[in-house]
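Since the model is a prediction, treat every value here as computed from it, not as a measurement.
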Amino acid sequence: MPPTSSERPPLRTAAEYAAELNERIRALWSGRGHPAPPLSEAQRKEYRRLLAELDRVERGDVTTAA
């Protein structure tokens with residue numbers, strides 16, 4: 001049975017999604033001094049993925065949802 005409208009999470013705007021992506025990008029660098037030590041390979045992969053997703057959101061190529 002599909003969820004009712006009260007059970008569905010609210011839709012996010014592109015701006016809200018971009019802000020979330022920015023927060024996740026910043027979190028990769030949190031706790032690091034400047035100049036920051038290099039990210040691990042896994043962190044670099046996640047960083048590149050988040051940047052690519054942010055780029056798509058900023059270009060309007062992503063339909064946002066919950």
Side-chain angles (χ1 to χ4, degrees):
M1 180 160 90
T4 65
S5 62
S6 63
E7 295 171 339
R8 291 185 190 128
L11 295 178
R12 294 180 295 182
T13 66
E16 290 169 329
Y17 189 40
E20 177 188 322
L21 290 168
N22 273 313
E23 185 176 315
R24 291 169 64 189
I25 289 166
R26 283 190 301 274
L28 287 172
W29 297 96
S30 68
R32 299 175 184 275
H34 289 284
L39 296 174
S40 70
E41 184 60 37
Q43 289 170 317
R44 283 194 302 273
K45 184 176 179 180
E46 177 68 359
Y47 178 71
R48 287 188 298 269
R49 187 190 69 74
L50 291 169
L51 286 178
E53 183 72 7
L54 181 58
D55 184 53
R56 285 190 293 275
V57 170
E58 289 174 342
R59 286 192 326 253
D61 294 347
V62 174
T63 301
T64 59

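In this structure Asn22 satisfies the side-chain hydrogen bond (donor to acceptor under 3.5 Å, both in side chains) test with no other residue, sequence neighbours excluded. In terms of the side-chain contact (heavy atoms from CB on, under 4.5 Å) criterion, residue partners of Arg24 (sequence neighbours excluded) are, by chain and number, Glu20, Leu21, Glu46, Arg49, Leu50. Applying the side-chain contact (heavy atoms from CB on, under 4.5 Å) criterion to Glu16, with sequence neighbours excluded, gives Arg12, Thr13. A search for side-chain hydrogen bond (donor to acceptor under 3.5 Å, both in side chains) contacts involving Arg44 returns Glu41, not counting sequence neighbours.
Contact record, Ala14 with Val57: O-CG1, 3.5 Å, taken as the closest heavy-atom pair. The heavy-atom pair separating Tyr47 from Leu39 by the smallest distance is CB-CD1, 4.2 Å.
The distance from the CD1 atom of Ile25 to the CZ atom of Arg48 is 13.0 Å, given to the nearest 0.5 Å.
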